[in-house]
Chemist: 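Sharing a structure below in structure tokens format, with a few things to ask.
In this chain, residues are counted from 1 in sequence order. These figures come from a predicted structure and were not determined experimentally.
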Amino acid sequence: MGIANRTGFFAIVRNFLFGFINKEFLTFLFFLMLSGAFWLILTLNEDSERELKIPVTLTGVPQKVVITSQGSDTLRVTVRDKGYALLPYLYGDMLRTVNLVFKTYDKGNGKGLATQVELSRHIKPMLFKSTTIVSIKPDRFEFSYNHGDSKRVPVRLKGVVTPDEAHYLARIVFEPEFVTIYASQAKLDSVKSVYTEGVRLTNLTDTTTQVLNLKPIQGVKIQPQQVKVSFYPDVLTEESCEIPVTAINMPEGKTLRTFPSKVKVTFTVGASSIRNISPGQFTVVADYGDILAHPSAKCPVTLTAKPSGLKNVKLEVEEVNYLIEEQ
């Protein structure tokens with residue numbers, strides 16, 4: 001582009017920017033910014049309230065003392081002052097952690113308490129003299145402690161975990177299975193187990209692992225506070241086996257023979273557990289007492305023992321022919 005062309009282009013831009021319409025726009029923009037500045041000054045000069053978050057911590061805890069529970073680690077403090085005075089709290093570094101010395105607030109008997117007045121006494125030096133504290137939430141800081149009394153308790157699952165129709169839940173594994181709790185002796189005696197947070201899993205088909213928080217107990221410290229929980233679904237398969245019928249309650253000198261001598265038991269079991277199932281784990285009986293109480297051409301047979309973990313266990317027949325022989 002030649003010098004003449006460039007000069008003409010800049011002239012057009014200059015004329016556009018400083019034309020009559022654009023002069024009016026720039027004037028409007030100037031007064032808009034000016035009014036915004038006045039509004040901001042007036043707003044910052046008015047009283048207003050803001051909620052400030054201030055960390056709180058317990059310090060100077062003796063070496064042999066175990067804090068079993070304590071209040072929130074953050075205080076929500078609502079203050080009132082001029083808007084411009086609140087800005088350093090919101091965007092500066094004036095607010096520091098409130099450090100509560102254990103010895104000062106120890107009330108004995110495993111309890112400690114810092115009241116709202118005492119909390120306010122720690123907070124006021126951080127604030128301007130013109131700033132007023134409206135509220136402090138929570139309105140107190142409480143803690144419980146002991147001198148190392150503890151015990152180990154098992155972890156239990158809270159919630160609902162179900163596989164789909166073709167599977168069953170073979171096992172649940174907690175890592176760790178036991179946790180250590182610290183509390184007063186009365187609490188230690190009353191707590192038999194700890195539970196996970198609520199969990200809901202449905203239609204499981206594959207191994208699933210989750211890290212779950214343990215449900216807090218008031219006045220009890222739990223270590224660790226999380227556990228890894230693994231759920232192992234297994235494929236269901238239908239199986240059967242032949243079980244001999246055993247006569248019970250037979251009088252001396254008499255023998256009961258059944259026809260057939262064995263009955264089939266069908267059941268559903270996880271594929272990985274089939275190899276652990278044997279006929280010797282089942283017991284099917286014919287009770288001589290039932291024959292006497294209800295004389296019939298057939299006698300009832302009952303399944304009285306079976307391995308754990310089976311589903312839909314049933315006898316193929318519930319009555320068999322029989323013969324009583326005299327010896």
Side-chain angles (χ1 to χ4, degrees), residues 53-76 97-115 118-119 122 137-163 168-202 204 206-234 308-309:
K53 293 183 178 181
I54 302 178
V56 58
T57 187
L58 194 61
T59 62
V61 179
Q63 188 173 0
K64 294 183 178 181
V65 168
V66 176
I67 302 300
T68 56
S69 69
Q70 69 175 43
S72 171
D73 59 1
T74 302
L75 299 175
R76 303 192 314 277
T97 299
V98 172
N99 295 309
L100 303 177
V101 179
F102 175 89
K103 184 178 180 180
T104 303
Y105 301 101
D106 177 19
K107 304 302 180 184
N109 298 320
K111 301 289 184 181
L113 171 67
T115 65
E118 291 167 325
L119 293 174
H122 282 274
K137 296 179 181 179
D139 62 358
R140 60 182 58 198
F141 181 88
E142 297 178 286
F143 59 91
S144 304
Y145 67 91
N146 72 6
H147 295 280
D149 299 330
S150 66
K151 77 173 185 180
R152 286 171 59 78
V153 294
V155 178
R156 298 285 184 259
L157 182 72
K158 181 179 178 64
V160 177
V161 180
T162 55
Y168 84 108
L169 192 59
R171 58 197 175 104
I172 301 174
V173 176
F174 297 95
E175 297 180 37
E177 295 181 15
F178 290 80
V179 294
T180 302
I181 61 171
Y182 299 86
S184 65
Q185 192 57 54
K187 279 281 189 181
L188 291 176
D189 292 340
S190 65
V191 177
K192 305 302 180 185
S193 59
V194 296
Y195 286 85
T196 66
E197 64 184 1
V199 61
R200 184 176 182 84
L201 298 172
T202 58
L204 284 187
D206 296 314
T207 299
T208 301
T209 299
Q210 290 194 347
V211 176
L212 301 177
N213 293 323
L214 296 177
K215 190 175 181 181
I217 303 174
Q218 182 65 34
V220 176
K221 180 179 182 178
I222 304 173
Q223 286 287 77
Q225 297 177 337
Q226 292 182 328
V227 293
K228 184 168 71 173
V229 187
S230 298
F231 306 95
Y232 294 89
D234 194 5
S308 61

Chemist: I'd like to know whether CG of N109 has more than 12 heavy-atom contacts from other residues, nucleotides or ligands below 6.0 angstrom.
Modeler: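 Check fails, neighbour count at 12 or below.
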Chemist: Taking the six-membered ring for Trp and the single ring otherwise, decide whether the centroids of F143 and F102 are under 6.0 Å apart.
Modeler: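 Yes, ring centres under 6.0 Å apart.
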Chemist: Would you confirm whether S230, through its side chain, and T209, through its main-chain N or O, come within 3.5 Å as a donor-acceptor pair?
Modeler: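 Not confirmed, S230 side chain does not pair with T209 backbone.
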Chemist: Does some side-chain heavy atom of D106 sit less than 4.5 Å from a side-chain heavy atom of Y145?
Modeler: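 A side-chain contact exists here, since the closest heavy-atom pair is under 4.5 Å.
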Chemist: Are V179 and P224 side-chain neighbours, meaning at least one heavy-atom pair lies under 4.5 Å?
Modeler: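 Result yes, sub-4.5 Å side-chain heavy-atom pair found.
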Chemist: More than 12 heavy atoms of other residues, nucleotides or ligands under 6.0 Å from NZ of K103: is that the case?
Modeler: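 No, the 6.0 Å shell around NZ holds no more than 12 heavy atoms from other groups.
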Chemist: Can you find a pair of side-chain heavy atoms, one from V65 and one from H147, that are under 4.5 Å apart?
Modeler: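 A side-chain contact under 4.5 Å exists here.
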Chemist: Quick check: closest heavy atoms across E118 and L113, and the distance to 0.1 Å?
Modeler: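 Taking every non-hydrogen atom into account, OE1-O, 3.9 Å.
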Chemist: When you measure from the side chain of T68 to the backbone of S144, do you find a donor-acceptor pair of N or O atoms at a distance under 3.5 Å?
Modeler: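 Checking the backbone N and O of S144 against the side chain of T68, a donor-acceptor pair under 3.5 Å is found.
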Chemist: Does any non-hydrogen side-chain atom of R152 lie less than 4.5 Å from one of T180?
Modeler: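 Contact flag for T180/R152 side chains = yes.
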Chemist: Would you confirm whether N146, through its side chain, and A183, through its main-chain N or O, come within 3.5 Å as a donor-acceptor pair?
Modeler: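 Yes, the answer is positive, given that a donor and an acceptor are paired below the 3.5 Å cut-off.
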Chemist: Keeping T97 on the side-chain end and N99 on the backbone end, is there a donor-acceptor pair under 3.5 Å?
Modeler: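 No: the side chain of T97 does not pair with the backbone of N99.
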Chemist: About how many Å separate CZ of F178 and OG of S193, when rounded to the nearest 0.5 Å?
Modeler: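 Reported value, rounded in 0.5 Å steps: 10.5 Å.
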Chemist: Under the ring-ring contact (aromatic ring centres under 6.0 Å, His included) test, which residues partner Y232, sequence neighbours left out?
Modeler: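 For Y232 there are no ring-ring contact (aromatic ring centres under 6.0 Å, His included) partners, ignoring immediate neighbours.
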Chemist: How close do Q70 and I67 get, heavy atom to heavy atom, and via which atoms?
Modeler: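 Minimum heavy-atom separation between Q70 and I67: OE1-CG2, 4.0 Å.
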Chemist: Rounded to the nearest 0.5 Å, how far does NZ of K53 lie from CZ of R76?
Modeler: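 Rounded to the nearest 0.5 Å, the CZ-NZ separation comes to 8.0 Å.
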Chemist: Sub-3.5 Å donor-acceptor pair from the side chain of E177 to the main-chain atoms of F174, do we have one?
Modeler: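 Here the side-chain-to-backbone pair does not exist.
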Chemist: Taking the side chain as every heavy atom from C-beta outward, state whether I222 and V153 have any pair of such atoms under 4.5 Å apart.
Modeler: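 Contact flag for I222/V153 side chains = no.
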Chemist: For the pair K187 (side chain) and Q218 (backbone), establish whether a donor and an acceptor sit closer than 3.5 Å, ignoring hydrogens and angles.
Modeler: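 It does hold such a pair.
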Chemist: Would you give the length of the straight line joining atom NZ of K158 to atom CG of L214, rounded to the nearest 0.5 angstrom?
Modeler: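 Between atom NZ of K158 and atom CG of L214 there are 13.0 Å.
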Chemist: When F231 is tested against each of D206, I172, T207, V173 for side chain to side chain contact (heavy atoms under 4.5 Å, CB included), which residue passes?
Modeler: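 The single option meeting the side chain to side chain contact (heavy atoms under 4.5 Å, CB included) with F231 is I172.
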Chemist: Nearest 0.5 Å please: distance from the CG atom of L119 over to the NZ atom of K137.
Modeler: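 Interatomic distance, L119 CG to K137 NZ, rounded to 0.5 Å: 14.5 Å.
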Chemist: To the nearest 0.5 Å, what is the distance between CD (Q225) and CG (L212)?
Modeler: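 CG of L212 is found 14.0 Å from CD of Q225.
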Chemist: Among T196, V199, V227, V229, which residue meets the side chain to side chain contact (heavy atoms under 4.5 Å, CB included) test with Q210?
Modeler: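 Per the side chain to side chain contact (heavy atoms under 4.5 Å, CB included) rule, the option paired with Q210 is V199, out of T196, V199, V227, V229.
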Chemist: Any chance OH of Y182 has more than 12 other-residue heavy atoms, nucleotides or ligands included, within less than 6.0 Å?
Modeler: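 It does not: Y182 OH has 12 such atoms or fewer within range.
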Chemist: Can you confirm whether K151 is buried at NZ, in the sense that more than 12 heavy atoms of other residues, nucleotides or ligands lie under 6.0 Å from that atom?
Modeler: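 Yes, enclosed.
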Chemist: Out of curiosity, T115 OG1 to R140 CZ, how far, rounded to the nearest 0.5 Å?
Modeler: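 Reported value, rounded in 0.5 Å steps: 8.0 Å.
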